[in-house]
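A short write-up of the structure that comes next.
For the numbers below, each heavy atom of this structure counts, side chains included, while hydrogens, waters and symmetry mates do not. Please read these numbers as outputs of a predicted model, since none were measured by experiment. In what follows, chains are A, B, ... by sequence order, proteins preceding strands, each numbered from 1.
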Amino acid sequence: MPVKPDTDPYYRLRHSAAHVMAQAVLEIFPEGKIAIGPPIEDGFYYDFDLPRPLTPDDLKEIEQRMRRIIAGRHPFVHRVVDPDEARSLFRDQPYKLELIEGLLHGQDEYGEQGESGAGTVISTYRHDTFEDLCRGPHLEHTGQIPPDAFKLMSVAGAYWRGDSNRPMLQRIYGTAWNSKEELDAYLHRLEEAKRRDHRRIGKELGLFYFSDDIGPGLPLFTPKGEMLRHLMESYVREVQTRYGYQHVWTGHIVRETLYKKSGHYEAYRENMFPPMVEDEDHVYRLKPMNCPSHMTLYKEMGIHSYRDLPLRFAEFATLYRYEDRGTLTGLTRVRALTQDDCHIFCRPDQIEEEFGLALRLIREVLETYRFTDYRVRLSLRGAGGKYIADDEAWDLAENALRAALDHYGVEYEEAPGEAAIYGPKADFLARDVLGREWQLSTIQVDFIQPRRLGLEYIAEDGQPRTPVVLHRAVTGSTERFLGVLIEHYAGAFPLWLAPVQAIVIPISDERHSAYATEVGRQLTAAGLRVEVNLSKDRMQAKIRQAQLQKIPYMLIIGDREQHTGAVAVRTRSGEDLGAMPVAAFIERARAEIKAKA
RNA sequence: GCCGGCGUAGCUCAGCUGGUAGAGCAACUGUCUUGUAAACAGUAGGUCGCGGGUUCGAAUCCCGCCGCCGGCUCCA
């Protein structure tokens with residue numbers, strides 16, 4: 001994501017590094033074509049159209065050339081050029097020519113229409129032998145880039161202008177910092193993220209697997225992984241019930257004709273698995289979303305009075321979406337996903353209150369999972385004509401959402417033009433412990449589907465009206481949220497979520513096995529999830545294994561404990577709590593679980 | 001779907017320019033019976049992703065497919 005010069009202190013550095021890199025690349029490929037090269041979060045990139053694919057060795061050479069250019073302390077020289085001069089300057093650079101024409105029509109470098117089309121100034125920055133179409137700003141000279149504080153990270157394909165119909169360019173990603181220490185800290189942060197990667201931890205802790213025999217994007221969950229799913233879903237279900245939501249079940253397969261009525265067939269067909277054909281009148285699809293099913297259920301349940309609204313239908317059903325293979329990643333992007341989905345059928349005058357209820361619910365759940373840092377993006381209708389035309393409804397909904405956000409003191413930013421075609425929405429972007437943002441919860445207002453599917457309620461005046469539907473998800477999907485949680489906690493789940501909450505470790509398998517087994521039985525009977533390690537390994541090895549498995553409590557049992565009916569408690573953090581009676585440990589664990597601490 | 005990289009025992013990985021595979025951990029067996037992060041010894045384990053091709057000979061070279069990784073696009 002691009003950054004702004006006025007808010008990012010590294011803007012000049014990284015932008016300048018991108019220019020230096022472009023020079024280095026053109027030195028190697030004089031006939032290469034250059035596209036754009038902006039600073040981004042943590043670094044910069046530049047897109048090139050080159051005669052051959054770049055290799056890791058190329059990156060090394062480019063870095064070396066960059067250091068030489070940096071050592072030359074070449075000043076960055078800014079100048080304003082008129083359109084013809086610009087065209088002539090970049091006559092061999094087709095992408096630049098396209099950018100110039102765009103600029104003259106008020107577009108920015110991404111081809112987006114700017115706020116004000118007028119008064120476009122075309123300017124360039126030159127250093128050494130390289131001159132680039134650029135509005136700056138830059139450093140004073142190349143020598144201000146610390147030669148040991150930047151690094152080229154990777155090469156990736158990127159479509160010109162982000163359009164899959166246009167040429168695929170080669171993008172070089174780099175990072176640049178003010179000092180080697182900063183660079184090292186950044187690289188260390190990347191290592192940490194890698195260490196926490198849910199795919200890695202998932203394997204280490206034995207939570208889930210993928211198999212070629214099952215298919216891409218279709219995770220298999222082990223007993224431990226399924227326990228996590230179960231606990232997560234039970235928790236949301238409990239909260240939802242407490243907030244007045246009801247749970248429904250609508251299965252996995254739906255007649256295709258429903259999606260033709262709802263409009264999904266037109267708009268979403270690409271993302272559905274191919275049809276199952278019984279005969280030409282009976283064609284079925286795997287459900288890619290719940291809304292048409294919930295709305296159908298609403299209809300089948302008979303005539304609804306305005307007094308019966310709101311009706312809140314929640315469901316944990318697994319949905320199947322035919323995502324492009326190239327986009328699948330671990331649990332965060334799968335083809336089988338279990339949404340904690342809900343559809344709220346309400347009157348227009350209830351939007352604000354229902355939105356507020358969903359806000360409170362989401363806030364409670366996110367805080368339980370220790371996502372305390374999140375922001376809300378309120379996506380509103382924009383200027384374009386893609387939105388359904390009903391100004392009155394839009395105004396009502398947008399104002400209701402704002403009012404609820406204000407009422408509950410939720411900070412939010414407005415994003416005009418980002419709304420769904422069918423209504424405005426609020427998305428929750430939560431930051432994990434590594435500072436990465438994840439879109440988890442969402443609340444969307446829908447005017448169009450209820451109408452298309454013919455939903456009605458009888459209003460106060462006895463006339464049938466179309467209800468408004470709010471689509472709402474709390475954690476998004478169980479799979480994705482589990483992936484995020486694994487990374488957020490680095491696999492060390494809080495006690496209430498830990499698949500194995502305690503492990504009993506007898507010091508001698510000969511002398512203490514019977515008592516260890518009895519302790520395990522007592523804890524299990526008390527509702528705890530417990531394992532007993534009866535292997536012949538030494539106690540130290542068992543502790544190490546338990547540590548690596550991130551099991552919250554290790555209960556060591558030797559002669560002393562056996563004689564006194566106790567367990568010696570060691571925590572995952574390495575703390576030795578000493579010996580305590582089994583009952584005392586149970587009490588402690590229960591309190592911790594209840595508090596979801 | 002597109003661009004690039006990768007695919008060797010359950011896991012992590014080695015195997016130079018072609019001569020039919022190797023380590024550590026895990027597993028299994030035995031010895032040891034242990035006090036807060038790895039006892040010692042031995043055994044077993046691989047169609048080198050799959051399918052073609054080149055070659056006297058392919059894990060190694062070529063082609064196709066599948067999958068994974070990094071991006072792009074997409075993400076109701």
Side-chain angles (χ1 to χ4, degrees), chain A residues 45 47 49-50 52-56 58 153-173 194 197 199-200 203-204 206 209-217 259 262-264 267-268 270-272 288-292 319 321-330 332-333 337 339 341 343 379 419-423 425 439 442 444 446 448-449 469 471 473 476-477 480 505-513 535-549 554-561 568-572 574-579:
Chain A
Y45 68 79
D47 287 344
D49 191 347
L50 302 174
R52 66 164 174 84
L54 291 165
T55 66
D58 289 325
M153 305 298 287
S154 61
V155 180
Y159 297 111
W160 168 237
R161 293 248 147 134
D163 182 343
S164 55
N165 298 311
R166 313 227 34 199
M168 174 70 73
L169 307 174
Q170 296 192 67
R171 173 172 299 177
I172 303 179
Y173 282 99
K194 223 164 137 187
D197 190 312
R199 291 165 297 191
R200 176 194 179 117
K203 203 178 279 180
E204 286 169 358
Y209 294 92
F210 288 91
S211 164
D212 287 2
D213 286 330
I214 301 296
Y259 296 130
S262 72
H264 289 102
Y268 204 71
E270 303 278 289
N271 285 303
M272 290 197 258
M289 69 280 297
N290 288 314
C291 19
L319 308 175
R321 296 184 178 179
Y322 191 71
E323 307 285 0
D324 284 341
R325 274 190 185 75
T327 64
L328 303 172
T329 345
T332 50
R333 193 73 188 275
L337 59 142
Q339 276 192 345
D341 207 5
H343 295 97
S379 297
I421 44 168
Y422 52 63
K425 60 175 180 173
Q439 195 205 302
T442 181
Q444 313 184 351
D446 186 352
I448 191 165
Q449 274 192 78
V469 168
H471 304 246
S477 83
R480 182 180 151 88
I505 298 178
I507 289 176
S508 158
D509 69 313
E510 285 175 5
R511 291 216 301 281
H512 311 127
S513 280
S535 78
K536 296 174 75 178
D537 289 326
R538 293 173 64 202
M539 177 204 64
Q540 282 86 344
K542 293 179 185 177
I543 288 175
R544 177 178 152 82
Q545 286 158 18
Q547 287 288 154
L548 293 174
Q549 287 297 303
M554 283 152 258
L555 308 177
I556 318 290
I557 282 171
D559 291 339
R560 294 199 295 268
E561 289 73 24
V569 181
R570 175 190 165 111
T571 68
R572 175 168 59 189
E575 197 181 350
D576 185 351
L577 301 182

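Counting only N and O atoms by type, the side chains of A/H471 and A/N290 include no donor and acceptor under 3.5 Å apart. Donor-acceptor pairing under 3.5 Å is lacking for the side chains of A/Y159 and A/R161.
Between A/R572 and A/L169, it is A/L169 whose nearest contact on RNA chain B lies nearer the 5' terminus.
Qualifying side chain to side chain contact (heavy atoms under 4.5 Å, CB included) partners for A/E323, counting only residues two or more places apart in sequence or in other chains: A/N271, A/R321, A/T327, A/L328, A/R333, A/R335. Among residues two or more places apart in sequence or in another chain, the side-chain hydrogen bond (donor to acceptor under 3.5 Å, both in side chains) test is passed with A/N165 by A/D163. Take A/D58 and apply the side-chain hydrogen bond (donor to acceptor under 3.5 Å, both in side chains) test, not counting sequence neighbours, and it matches A/R52, A/T55.
The closest side-chain heavy-atom distance from A/R570 to A/I543 is below 4.5 Å.
Taking atom CG of A/D58 as the reference point, atom P of B/G5 lies 11 Å away to the nearest angstrom. The interatomic distance linking A/R52 (CZ) with B/G5 (P) rounds to 11 Å, in whole Å. Rounded to a whole Å, the CZ atom of A/R544 is 5 Å from the C1' atom of B/A38.
A distance-only check finds a donor-acceptor pair linking the side chain of A/Q547 to the backbone of A/R572 [under 3.5 Å]. Counting only distance, with no hydrogens or angles, the side chain of A/H343 and the backbone of A/V469 share no donor-acceptor pair below 3.5 Å. For the pair A/D446 (side chain) and A/I448 (backbone), a donor-acceptor distance under 3.5 Å is present. Between the side chain of A/K542 and the backbone N or O of A/S535 there is at least one donor-acceptor pair closer than 3.5 Å.
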Would A/Y322 and A/M272 satisfy side-chain contact (heavy atoms from CB on, under 4.5 Å), going step by step from the backbone distance to the final call?
-> CA-CA 5 Å; A/Y322 191 71; A/M272 290 197 258; 5.7 Å; no
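In this entry B/C25 has B/G10 as its Watson-Crick or G-U wobble partner, both defining distances falling under 3.5 Å. The partner of B/G30 is B/C40, judged by Watson-Crick or G-U wobble contacts that both fall below 3.5 Å. The partner of B/C2 is B/G71, by the rule that a Watson-Crick or G-U pair needs both atom distances under 3.5 Å. Under the Watson-Crick and G-U wobble criteria, each requiring two contacts below 3.5 Å, nucleotide B/C65 is paired to B/G49.
Nucleotides B/U43 and B/C48, compared at atom P, are 25 Å apart to the nearest Å. When the C1' atom is compared between B/G7 and B/G51, the two are found 16 Å apart, to the nearest whole Å. B/C28 and B/G64: their P atoms are spaced 44 Å apart (whole Å). B/G1 and B/U60 are spaced 32 Å apart, taking the C1' atom of each and rounding to whole Å. Nucleotides B/C75 and B/G22, compared at atom C1', are 45 Å apart to the nearest Å. Atom name P, nucleotides B/A59 and B/G53: the rounded distance is 15 Å, in whole Å. Spacing of P atoms, B/U17 relative to B/A76, comes out at 47 Å, to the nearest Å. The gap from the P atom of B/C50 to that of B/G10 amounts to 13 Å, rounded to the nearest Å.
Salt bridge present: A/D47 and A/R171 bring a charged side-chain N and a carboxylate O closer than 4.0 Å.
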Quick tally for nucleotides 23-36 of chain B: nucleotides whose base has a protein heavy atom under 4.0 Å get B, sugar-phosphate-only ones S, the rest -, giving ---------BBBBB
Given protein heavy atoms under 4.0 Å, the one-letter contact record of nucleotides 67-76 of chain B, with B base, S sugar-phosphate only and - none, is simply SSSBBBBBBB
Please write out each protein N/O paired with an N/O of nucleotides 60-64 of chain B under 3.5 Å, distance rounded to 0.1 Å.
none

